[in-house]
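Residue numbers start from 1 in every chain, and the chains themselves are labelled A, B, ... in the order their sequence lines are given, proteins ahead of strands. What you see is a predicted model, and the numbers here were worked out from it, not measured in a lab. Hydrogens, waters and symmetry mates are skipped; everything else that's a heavy atom, side chains included, is used.
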Amino acid sequence: MTSIRTRFAPSPSGYLHVGGARTALFNWLYARHSGGSFILRIEDTDKARSTEESIRAIFEALDWLGIDWDEGPFYQSRRMEIYREHIERLVRSGHAYYCTCSPEKIQQMRERAMATGAKPRYDGTCREKGLGPQPGAVVRFKAPYTGTTVLEDVVKGNIVFQNSELDDFVICRSDGTPTYNLAVVVDDLTMEINTVIRGDDHVMNTPKQIQLYKALQAPLPVFAHVPMVLGNDRSRLSKRHGATSVTAYREMGILADALINYLARLGWSHGDQEFFTRQELIAKFDIKAVGKSAGIFDPVKLQALNADHIKACEPSQLAPQLVPFLARLGLEARDDQYLAKVISTLNTRSKTLVEMAEGARFYFLEEITFDEKAAGKFLKPAVAPALESLIQKLEQLEEFSEKALESAFIQVMEETGLKLGKIAQPVRVALTGTSVSPGIFEIIEVLGKSRVIRRLKKALEFIRSRSG
RNA sequence: GGUCCCAUCGUCUAGCGGUUUAGGACGCCGGCCUCUCACGCCGGUAACAGGGGUUCGAAUCCCCUUGGGAUCACCA
């Protein structure tokens, strides 16, 4: 059995969007699952729209997603000789011919056809002229007029096309460059791609490509056309549906593993399982289990899944990923152990790394500032004795374990007659500046003795300055 | 418009002729837990697009209708 060879072939005319990422992912997963190879090819024959910047953006996105390739990147723009050879081969074998019909004439032909309600197709004027190469001429593929071309698709099943619907499409432009369909086939052929997984917006191209394969006497690859990713209004996902680029989700604090999990689950399923690690995805992914219908991209579910991945991730593993988000807030984490502890108090209450960084703010600030509302509500003279007592108790404590802290609090409660809730909130505001945070014992333990006592004292001063 | 594809809760989906009062997840709504916010736990809401067949029996197979999507370049 020959090994699976898949590929991802984006055209670099913009950032990598989630739909493209999913196509790349399916190809990658299938190759990794089957121990095959995944090849990256950049389809940059359209010089007007291809940019260096887009190419970099694609690499960056794939790199972040952890989708690596075994061969390439190959660039179509550097393979012109190969296309030329194949085009000439097709002309020589009688499968293609030079055509001198002007674009205007073709345009007229099309308009006339439209007007009479007929199919807009090339009328074959030059088909049998036996023209040779000449300036301004294109090369057309001599497509069969009768019969059918069938696409045996792994996800869609058999699709039959009437050859009478197809026409003699251009394979070589008048400037000598190949058109898309020719280039794709030649590339997939020469790169020995045997499994073509791509978006189903390509199904209509496939009969043309199949005919090209046949004319080139090459074996057909296995085709798998995966359904599209739609926006919430069922139309093709685009900018007006919100963020569509892979990088945008990274900026939003989505984990690469979560995006991958979500994208894989969109259109593919493995029973009722929702959460998949990267390894599970590789182990369980099967292109045959991909569904036929298009799916709507749901950022809310992505977030929920992201929360699950954050929870499942070891704090020490998550730390390096959180650092840039802290930096964005002007916060610097110098101590890895401290950061890991911080994360362990935040990972069950954060849906994204952005949220987590915001929640971590008070851990890294030298001087915290009190939120007006929270301070007004909780830092009142009545709690001053409790805070004083707590400071005393904590100063005497050698170890800040949850147990020790709890008993310290209980003592304060007994002394002051206040319920834990009445003490915890003021302490929370004192330590974090806000009324929302992880558990009070947790944050005291992580912050450590000196910070805690300093902040409690500051709160006490605050109360006195206000009441005095 | 032609051609092609698709059709289970709002969304992602399980289901592959009987085990189904159609299951799970997200969302939403209750409740429990509780030092705040979350997490977690428990419960609820909500779907087989419509119509014909085939069959003892259909969400599952066939046909039609409807709805959605894709595509019709010397763009990829």
Partner nucleotide, any strand, of rA25(B) [Watson-Crick/G-U, under 3.5 Å] = rU11(B)

key: C1' atoms of rC28(B) and rG51(B), separation to the nearest Å   = 33 Å

key: Side-chain donor/acceptor contact of Thr179(A) with base of rC74(B) under 3.5 Å   = no

ask   = Quick one: is Lys311(A) getting a side-chain N or O under 4.0 Å of the rG40(B) phosphate, OP1 or OP2?
value = yes

task = Please give the nucleotide sitting opposite rG40(B) as a Watson-Crick or G-U wobble pair, both distances under 3.5 Å, or none.
result = rC32(B)

Thr45(A) side-chain N/O to rA76(B) phosphate OP1/OP2 under 4.0 Å = yes

query = Crowded around Gln134(A) CD? As in, over 12 foreign heavy atoms under 6.0 Å?
reply = yes

message = Say we look at rA49(B) and rU13(B): how far apart would their P atoms be, to the nearest angstrom?
response = 15 Å

request  = Could you tell me if the ring centre of Phe275(A) sits under 6.0 Å from that of His309(A)?
outcome  = yes

query = Using a heavy-atom distance cut-off of less than 4.0 Å, which residues of residues 220-243 of chain A contact RNA chain B?
reply = Arg234(A), Arg236(A)

inquiry  = Under 3.5 Å for both donor-acceptor distances, Watson-Crick or wobble: does rA70(B) have a partner, and if so which one?
reply    = rU3(B)

Between the protein and nucleotides 5-7 of chain B, are there any N/O to N/O pairs under 3.5 Å, and if so, what are the atom names and distances?
| residue | atom | partner | partner atom | Å |
| --- | --- | --- | --- | --- |
| rC5(B) | O2' | Lys156(A) | NZ | 2.9 |
| rC6(B) | OP1 | Lys292(A) | NZ | 3.4 |

task = Sort out the partner of rC61(B) for me: Watson-Crick or G-U wobble, both distances under 3.5 Å, none otherwise.
result = rG53(B)

task = Report which part of the nucleic acid Gly291(A) touches: base, sugar-phosphate, or nothing (heavy-atom distance under 4.0 Å, all strands).
result = nothing

note = When both distances are under 3.5 Å in a Watson-Crick or G-U wobble arrangement, the nucleotide paired with rC16(B) is none

query = Using a heavy-atom distance cut-off of less than 4.0 Å, which residues of residues 342-351 of chain A contact RNA chain B?
reply = Thr348(A), Arg349(A)

message = Can you check the distance between rU19(B) and rA14(B), where both ends of the measurement are the C1' atom (answer in whole Å)?
response = 15 Å

